[in-house]
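No hydrogens, no waters, no symmetry mates; every other heavy atom, side chains included, goes into these values. We're numbering straight along the sequence, starting at 1.
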Amino acid sequence: MKDKIYLHFSLGPVQGFVAQARRTRDFWAGSFILSYLAGQAMLAVHNAGGKLILPAVTDESGKITDRLLAAIEQREEGKIVSQGPGIATLPNRFQARVPDHFNPSACVEAVNRAWGALAEKVWQDYVQPVARLGRGTREIWERQIAGFWEMSWVMGDDPALLDRRKNWRSHVPPVEPGDKCTLMGNYQELSGYLRIREKEQQESFWAALRDKVGEYELAGDERLCAVALVKRLFPLVAAEILWPVPRRYPSTPYLAAIPWLAGVCANHPEEARKYAVEAGRLPGANRREEPEHFACLQAALAGNPEGREFASLDGNCFHKAALFNNNLWERGTVRAEDTVVLRRQLASQLEKLGTPASPFYALLLMDGDRLGALLRKNSPEVISKALADFSWSVKDVIGDFNGVTVFAGGDDVLALLPVDGALPAALALRFLYTRSFANCGIGTGGGTISGAIVFAHYSTPLTAVYREAHRLLDDVAKDETGRDSLAVTVWKGAGRVLTWAAPWAVIGGSENNVFDELVKGFQGSDRGSREFNSSFFYNLRQRFAILKEETGLNLSPQDMEDVLAAEYLKNRERQCSPEEARARMKRLLGICRRSWRDEEGKVHKAEGALTFDGAMLVKFLAQKGVVW
C-alpha cells in the first residue's frame with residue numbers, strides 16, 4: 001500500500017435529512033441513520049484492508065474501537081447485537097488510507113444495500129399491507145428510496161481534501177409531482193392522490209396506515225413521503241435490522257421542564273402523585289416520557305419514587321399554555337372539547353406546584369475550526385486521536401447538565417438541553433476540546449471549536465431551530481466573531497428576539513463565566529437583595545436611545561458607567577454605594593459591547609455604541625424565559 005493514497009468520502013444530504021423533523025425522535029433518527037450508513041461505507045474500507053484515519057475508529061492492531069462501527073461489523077458478520085449504541089458517533093464524511101486497487105464503489109454499494117434493507121423492512125411491515133389503498137404507492141416508494149442519497153468521493157495525496165470536500169454543495173432536491181410530504185416538502189406523499197379532488201381516498205390511505213403503526217407514530221395531519229416514513233418508523237424495525245434502539249425520545253416540552261420537574265419530585269412528591277392520577281385521565285397524557293435519561297430526575301426520584309408517574313407524563317402536561325391548546329389533545333374519538341374541564345383543573349393544579357416550568361429549551365451545536373489547516377500542519381493520526389478523545393466524552397458532559405446527545409462524532413456535537421444547562425455544557429465541551437488537542441501535542445490555539453446555542457420555545461418547529469443553529473454557528477460564531485467563539489440566539493414566536501456572540505476568552509471558563517455573577521444578581525432571595533430587575537433593563541435601553549437621539553454622540557465607557565450607575569441608584573430598594581453601583585454597571589457593560597477575534601487570534605472590543613442583547617440575555621437566563 002502506498003503511504004499517500006487517501007480516500008475522502010462524503011454522504012449527504014445532511015441538513016436535508018436531519019433538519020426536517022416534527023419531533024425530537026425524528027431529529028435523533030435522522031442523525032442516527034446517517035451515521036449508521038456512513039459506518040457501512042467505513043466498514044467497506046476496513047474490510048478491504050484500508051485504514052480509517054478521520055475519524056479514528058481502530059486501535060494499533062486494527063481492531064475497531066468505535067462502538068457504533070463495531071456493532072455494524074457484528075451485524076454484518078451475522079451476530080446478534082442485544083445492546084447496541086443509541087447515539088450517532090460516526091460523521092457523514094471520512095478520510096482513509098486505502099490500497100492502490102481499492103474501488104470506492106464498494107462504499108457506495110454498502111450504503112445503498114443497508115439503506116435498501118432498512119427501507120424494505122418498513123415497507124413490508126407497515127406500508128405494503130395498505131398500499132392497495134393508494135395510487136402508485138410502490139412506484140413512489142421505489143423512486144424516492146433509490147434516488148435520495150448523494151455520495152461523493154475523491155482520492156489523492158492531500159490530507160486536507162477532507163475539509164474542502166466538506167464545502168461542496170451539489171445536491172439539488174428533485175421536484176416531484178402531486179401533493180407534498182408534510183415533513184419533507186420537496187417529495188410527494190405516498191398515497192398518490194390529489195387532496196383537492198381525491199381527499200376521501202387520500203385520507204382513507206393514511207387512516208389505514210395510522211391504524212397499522214399507531215397514532216403515536218403518525219399524527220392525524222401527517223402525510224409522509226417514503227424517506228420521511230423510514231425515518232419516522234426506523235425505531236420500530238431497528239431491532240431486526242440493527243439492534244434495539246429507543247422507541248421514546250424526550251419531547252421539547254419535556255426538555256424545557258426538566259429542572260422544574262426535578263424540584264417538584266424532590267419537594268412535593270405527594271402533590272405530584274395526585275397530579276399524575278388526574279392527568280392520567282387525559283387522552284395522550286400517558287405517552288411515557290423517560291426520566292431515566294436525566295441525572296437530576298434520577299436523583300430526585302431516588303428518594304421520592306412516588307413521583308415517577310408524574311415525571312413520566314407527556315411533556316405537554318407541565319405547561320399551562322399546552323393544556324389550553326385544543327390541537328394537542330384531540331385523540332382518536334375523544335374530542336378536545338370533551339376534555340376542557342379536566343385540562344382547566346390540571347392548569348389550576350400546576351399553579352400549586354410552584355414556579356411554572358420554563359417554556360424554553362436549548363439546542364447546542366458545536367464544530368471544530370479550520371480542520372483542513374490543522375491537517376496541513378499535523379499528521380492525520382494525531383488530529384484523529386485528539387478528535388476521538390474529545391468525542392468519547394461528549395455524552396457524559398452533556399449528561400452532567402441534564403441534556404441528551406443527538407450526535408457526537410469527530411469535531412461535531414449536537415445536543416438538546418434545558419435552558420440552565422446549555423451554557424455550562426458548551427463551556428465544558430470547549431475546555432474538553434482544547435485539552436484533547438493539547439494532550440496530543442498541539443498547543444494552545446491549535447485546536448479550537450466554535451459553538452451555537454439556540455434557546456427556543458418548545459412549540460417552535462425543530463426544523464427552524466436546527467437551521468437557525470447552523471446559521472448562527474457559520475455566519476455569526478465563525479465568520480463575524482472570528483471562530484473560537486460562541487453565538488447565542490433566543491427564538492420566541494415568529495423568530496429571534498436577540499443574538500449575542502463573543503470569543504470564548506471573553507465569556508470565561510466552565511467554572512467561572514461572565515454570566516454567572518450577573519445572573520445571580522437577578523436571582524436574589526428577596527427584592528432587596530437583587531442587583532437587577534426587569535424594569536431596569538427596559539429603562540436602560542430607553543435611556544441610551546434618548547441620549548443618542550438628543551446628543552448625537554457616542555458616550556465614553558466612563559460616561560456610560562456613570563449614566564448607568566445613576567439610573568441604577570434611582571431604585572430605593574438598592575442599598576449600595578455609588579462605587580459599587582459603577583462596579584456592577586462595568587460588569588454589565590462588559591457583555592454589552594461587541595467583541596471578536598482577528599486572524600492572529602487577538603480579541604477586540606468595540607468602544608462607544610452598545611448592544612443591549614447581552615443584557616437581555618442575562619435577563620432571559622435568570623428567568624429561564626418564564627417572564628419576558
Side-chain angles (χ1 to χ4, degrees), residues 360 362 419 422-423 452-457 468 471-472 475-477 480-482 485-504 506-508 513-524 530-571 574 581-596 603-628:
F360 285 81
V419 166
L423 181 57
I453 298 173
V454 179
F455 294 110
H457 192 278
E468 170 65 9
R471 184 202 69 83
L472 197 63
D475 298 346
V476 181
E480 295 179 12
T481 317
S485 303
L486 175 71
V488 181
T489 279
V490 174
W491 190 287
K492 183 183 181 185
R496 67 185 75 94
V497 294
L498 68 85
T499 298
W500 181 89
W504 296 108
V506 173
I507 301 170
N513 68 76
V514 69
F515 287 98
D516 283 346
E517 192 170 356
L518 292 168
V519 168
K520 288 176 184 176
F522 224 123
Q523 296 176 327
R530 294 174 189 163
E531 293 183 8
F532 304 111
N533 58 28
S534 298
S535 62
F536 169 72
F537 283 102
Y538 284 111
N539 292 338
L540 186 67
R541 175 178 286 177
Q542 184 179 22
R543 172 72 64 188
F544 274 88
I546 292 172
L547 284 172
K548 186 172 182 180
E549 182 178 335
E550 290 180 351
T551 66
L553 300 173
N554 285 325
L555 300 178
S556 70
Q558 182 65 48
D559 289 338
M560 289 180 180
E561 289 172 17
D562 290 341
V563 173
L564 270 116
E567 183 71 34
Y568 182 79
L569 289 170
K570 283 183 179 180
N571 192 320
R574 299 195 181 95
R582 277 194 292 273
R584 292 176 182 179
M585 295 306 99
K586 188 173 183 178
R587 288 196 298 269
L588 183 61
L589 281 171
I591 63 168
C592 290
R593 288 193 178 92
R594 180 176 175 265
S595 57
W596 68 94
V603 175
H604 301 267
K605 279 197 171 186
E607 299 293 340
L610 301 177
T611 169
F612 285 95
D613 282 0
M616 298 309 293
L617 180 57
V618 171
K619 178 178 179 292
F620 172 84
L621 292 173
Q623 298 180 326
K624 299 181 175 63
V626 174
V627 179
W628 186 255

Atom [atom1] in [X], atom [atom2] in [Y]: separation rounded to 0.5 Å?
X: His604; Y: Arg594; atom1: NE2; atom2: CZ; result: 10.5 Å
X: Phe360; Y: Phe620; atom1: CZ; atom2: CZ; result: 5.0 Å
X: Lys619; Y: Leu518; atom1: NZ; atom2: CG; result: 14.5 Å

- Message: Apply side chain to side chain contact (heavy atoms under 4.5 Å, CB included) to residues Thr489 and Arg471 and explain how you reach the verdict.
- Response: CA-CA 10 Å; Thr489 279; Arg471 184 202 69 83; 4.2 Å; yes

Considering all heavy atoms, the nearest [X]-[Y] contact:
X: Ile453; Y: Ala362; value: CG2-CB, 4.2 Å
X: Ala606; Y: Trp596; value: N-CZ3, 3.7 Å
X: Leu588; Y: Cys592; value: O-SG, 3.4 Å
X: Ile507; Y: Ala502; value: CD1-O, 3.8 Å
X: Ala622; Y: Val519; value: CA-CG1, 3.9 Å
X: Ala501; Y: Val476; value: CB-CG1, 3.6 Å

- Test side-chain hydrogen bond (donor to acceptor under 3.5 Å, both in side chains) applied to Arg496 - qualifying residues, sequence neighbours left out: Glu468

- Message: Under the rule for side-chain hydrogen bond (donor to acceptor under 3.5 Å, both in side chains), what residues qualify as partners of Arg587, not counting sequence neighbours?
- Response: none

- Message: Could you check whether any side-chain heavy atom of Phe612 comes within less than 4.5 Å of a side-chain heavy atom of Leu498, counting everything from C-beta outward?
- Response: no

- Item | Donor-acceptor under 3.5 Å (Asp613 side chain, Thr499 main chain) | yes

- Message: Can a donor-acceptor pair be found, under 3.5 Å and without considering hydrogens, that links the side chain of Trp500 to the backbone of Ile591?
- Response: yes

- Message: Just to verify, what does Lys605 make a side chain to side chain contact (heavy atoms under 4.5 Å, CB included) with, not counting sequence neighbours?
- Response: Val506, Ser595

- Message: Against Leu423, only a single residue in Leu486, Leu617, Asp516, Val488 fulfils side chain to side chain contact (heavy atoms under 4.5 Å, CB included); can you say which?
- Response: Leu486

- Residues Leu621, Phe515; criterion side chain to side chain contact (heavy atoms under 4.5 Å, CB included); working and verdict: CA-CA 9 Å; Leu621 292 173; Phe515 287 98; 4.0 Å; yes

